[in-house]
Amino acid sequence: MREAEKLLADLTPQQREAVTHVEGPLLVVAGAGSGKTRVITRRVAYLALRGVPPHRLLAVTFTNKAADEMRGRIEQLAGTRGAWVSTFHSLCASMLRISADSIGLSRDFTIYDRDDQLKAVQQCLKEMEADTSMLQPAGVLQAISNAKTRLESPEQFAAAVTGLRDELIAKAYAKYQALLARNAALDFDDLLLRVALLLQGDEAFRDRWQRRFDFVLIDEYQDTNRAQYLIARELAARHRNLCATGDPDQAIYTWRGASIRNILEFTRDYPDARVVKLERNYRSTKAILRAADSLIVHNALRHERGLWTENPEGLPVRFLWADDADQEAQMVVQSIAASHAKGRRWRDFAVFYRTNAQSRSLEEAMRHRIPHRLIGAVQFYGRQEIKDLVAYLRVCVNELDDLSLERILNVPVRGIGDRTADRLRAWAAANGLSLRAAVAAADQAPDLGAKAKGAVKAFSDLLDAFRAAPKSPVGAFCRHVLDKSGYQDWLERPENEERKENVNEFLAKADKFDLEHPGGELAEFMQEVALVSDVDNLDPTADAVSLMTLHAAKGLEFPVVFLTGAEEGLLPHINALRNEEGIEEERRLCYVGMTRAKEELIITASAWRAQGGSMAEREPSRFLFEVRRDVFDNAGQRALASLGPDATLDAWDDAESKPLRSAPGEARPRKHGPPPPPRRPGGLAVGDRVRHPQLGDGWVLAIQRADKLTVVTVAMASGGKRLFALEYVALEKL
DNA sequence: TCGCTGGCAACCTGC
DNA sequence: TTGCCAGCGA
Ligand SMILES: Nc1ncnc2c1ncn2[C@@H]1O[C@H](COP(=O)(O)OP(=O)(O)OP(=O)(O)O)[C@@H](O)[C@H]1O
């Protein structure tokens, strides 16, 4: 028990209580940075040290990266391996593969990603007799995904809908499921849905998996959806040793079906559950915590809870208001560079944003200056060349995967054009053949010319050869495929330099897989590839600044955090403004971002931002005015005071005025919110030296009244001319 | 059959 | 601003 003592030594009494609780349901409601991940990890190690065989332990994390880290920590702490640590999706994929034979599923099933799903939907819509021009594939897919999240089969969905549009969607859903079944494919939703339904309806399956684990632990429980909830419940039904940890304030995935009610109603499901609350934050400074707390209390649909820390007060939060996105990026870069010069490592910094599109200006500003890693965005696996190679591998594993086969039919170009493909597809459909079977029997196909038949035959032989070749080690097989398919030759062309590098990166991943899973199957590797998430590619050992979305930041921590684009329409996002729930989720997202910071938090926003082709004027996020003003530094307080709806002023002018901020272009009326009260010119004259709160010093070139505003043209010391409306920018006369 | 060009819509988060 | 699709010429 000495080891177990050590395990508990540096834990708080509450954390210890959660770790040492053994039998029965346990709920750990933990505020941000209070150590819930730490608790789960220790708890698994503790149970192992108490003699529970590690392979009887299941811990479910939100990302594969979190799973890998936790697995490593557990091995360190308990000195044992074998605990099953994975995400829900990986868990379900593995369960389905393991139980494939008994549930009538091919163990070589393909996992379809969003692009595949869209293609499948498009194909279904095309095949439908009714006019589907009113339906957008993305919308239909959304509806299907929603239905699956509600665990509704196509039949149930069809029975519940009214109206032409929904009836068409119901038909499309049925066709879509049939198409996936024909292709032996499952989409992300299916993985969860199938397992949830099997656990409920298939006795053998349920029995087998209920006996598989003695303890079940679920992290980030606040972001579980209905299927995940059922899976957790069923897997733990026999022994009820279910430990859930989460933070309702960090629920940020309700838009894809997650339900905060799962965590809020845990004690209703398990009235005898032990509930442990962790309220001491170990991550952030007092200033950061106060800032975050003062924001989240604005959520009405929330249980009152407090979070405290013994950490130092720390630096005040900074707020930087830029002219445009490029300048915002510059400000971030300058801050980072300055801080780095004072001794910070690059990896101490993270820059968060609401939408991937925002990463562009940041990346541009950092290019060649600051080592950085972009998480997500144009994901690695979304690249054409990677998808091509993956399609080859999928076809090698699963011959029924027509969608993937279609992708590579003529890639690289081998003389099987659209017409030939169409005819093959039509012939296959007419005869109930898979596309692969049609390709194999192409010489019997009607209306195919001799030339086309030859090309198809050669392709079929190629696939046969792949099928016969050893699939392991995976890296070697990938190279074999690239070589024999002619893809490598295509990659060698000078214009494909970058593509070749990406493929090489993929090959390195395959080699890594071989190393970590000696004798591992190609199907397993394909599963891993299908289920990687953006953050999984974050390498914490690389000394580089991390750029990622707020969603991707969940669960991570960094000494210095930049929260960019704190603007109305962006955070909260325009599409979330429809209802209060939407805004509250955005507020939680902002809260998650803020609470990632250990020592420094810098929030930035921009007055103008490119939107489509043109520039749009922005307002600072309402969240900035909900955060206690006194957590900001002086410059931040001043900037916010001058920007806010409750701006403090020396004088009032005309409240009806159309505002204009430091505009690089033309003045525009603001779209929402009350216009901030204008400020008096302040006795400025042409030739005066002035200071802008963020942009620095300059000289007044001109003062004009325009549209009830006072517009000052300033020659900036840093170069260039800028327009400021005195009503909106606190220019200080020097 | 292939590859290029131009017009047009979309731009939120992601397993 | 970008990425997708349709249409066209070689
Ligand atoms: N008892 C403790 N003593 C010292 N440090 C601790 C303790 N508990 C947690 N920490 C530290 O606090 C930080 C946050 O812990 P952890 O990531 O487990 O929190 P969390 O609750 O999962 O956070 P979040 O929900 O915000 O993602 C980590 O750096 C961790 O090492």
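Note on naming: letters A, B, ... go to the chains in the order of the sequence lines (proteins, then strands), and numbering restarts at 1 for each one.
- Atom NZ in Lys387(A) sits roughly 14 Å away from atom C1' in dC4(C) (whole-Å rounding).
- A close approach under 4.0 Å does occur between a side-chain nitrogen or oxygen of Thr549(A) and OP1 or OP2 of dG14(B).
- Contact annotation: Asn64(A) does not reach the phosphate of dC15(B) (side-chain N/O to OP1 or OP2, under 4.0 Å).
- At least one side-chain nitrogen or oxygen of Gln136(A) sits closer than 4.0 Å to the OP1 or OP2 atom of dA10(B).
- For Arg114(A), the salt bridge (charged side-chain N to carboxylate O under 4.0 Å, His left out) criterion is met by no residue, not counting sequence neighbours.
- A donor atom on one side chain and an acceptor atom on the other are not found under 3.5 Å apart for Ser621(A) and Glu567(A).
- Dashed line: the shortest gap from a side-chain N or O of Thr355(A) to OP1 or OP2 of dT13(B) is not under 4.0 Å.
- Between the side chains of Asp189(A) and Ser145(A), at least one donor N or O sits under 3.5 Å from an acceptor N or O.
- With both ends at atom P, the span from dT13(B) to dC4(C) equals 15 Å, rounded to whole Å.
- Partner of Phe506(A) under the ring pair (Phe, Tyr, Trp, His ring centres under 6.0 Å) criterion, out of Phe525(A), Phe513(A), Tyr487(A): Phe525(A) alone.
- Taking the side-chain contact (heavy atoms from CB on, under 4.5 Å) definition, one finds that Lys119(A) meets it with Gln122(A), Leu403(A), Arg407(A), sequence neighbours left out.
- Atom OH of Tyr253(A) is separated from atom C1' of dC15(B) by 9 Å (rounded to the nearest Å).
- Tyr353(A) places its OH atom 13 Å from the C1' atom of dG14(B), with the value rounded to the nearest Å.
- Between dC2(B) and Asn410(A), a contact under 4.0 Å exists linking OP1 or OP2 to a side-chain N or O.
- Side-chain to base pairing of Arg354(A) with dT13(B): one donor and one acceptor N or O lie within less than 3.5 Å of each other.
- The separation between Gln122(A) atom CD and dC5(C) atom P is 6 Å, rounded to whole Å.
- Put simply, Trp255(A) rests on the base of dT13(B): the two rings are less than 5.5 Å apart at their centres and nearly parallel, under 30°.
- Just one residue in the list Arg618(A), His573(A), Arg622(A) forms a side chain to side chain contact (heavy atoms under 4.5 Å, CB included) with Glu568(A), and that residue is Arg622(A).
- By the criterion of a centre-to-centre distance under 5.5 Å and near-parallel planes under 30°, the ring of His551(A) forms no stack with the base of dT13(B).
- In terms of position on DNA chain B, the residue among Ala576(A) and His89(A) whose nearest nucleotide sits closer to the 5' end is Ala576(A).
- At a threshold of 4.0 angstrom between heavy atoms, the contacts of Thr420(A) are confined to the sugar-phosphate backbone, with no base atom among them.
- Rounded to whole angstrom, the span from the CZ atom of Arg419(A) across to the P atom of dG7(C) amounts to 15 Å.
- Note: CG (Leu141(A)) to C1' (dG14(B)) measures 12 Å, nearest angstrom.
- The phosphate of dT13(B) (OP1 or OP2) has a side-chain N or O of Asn356(A) nearer than 4.0 angstrom.
- Between Ile416(A) and His573(A), the one whose closest nucleotide on DNA chain B sits nearer the 5' end is Ile416(A).
- Following rounding to the nearest Å, Gln228(A) (CD) and dC15(B) (C1') show an atom-to-atom distance of 9 Å.
- Separating the CZ atom of Arg360(A) from the C1' atom of dA10(B) is a distance of 15 Å, rounded to the nearest angstrom.
- Comparing dC15(B), dC12(B), dC2(B) against the side chain of Asn575(A) picks out dC12(B) as the nearest.
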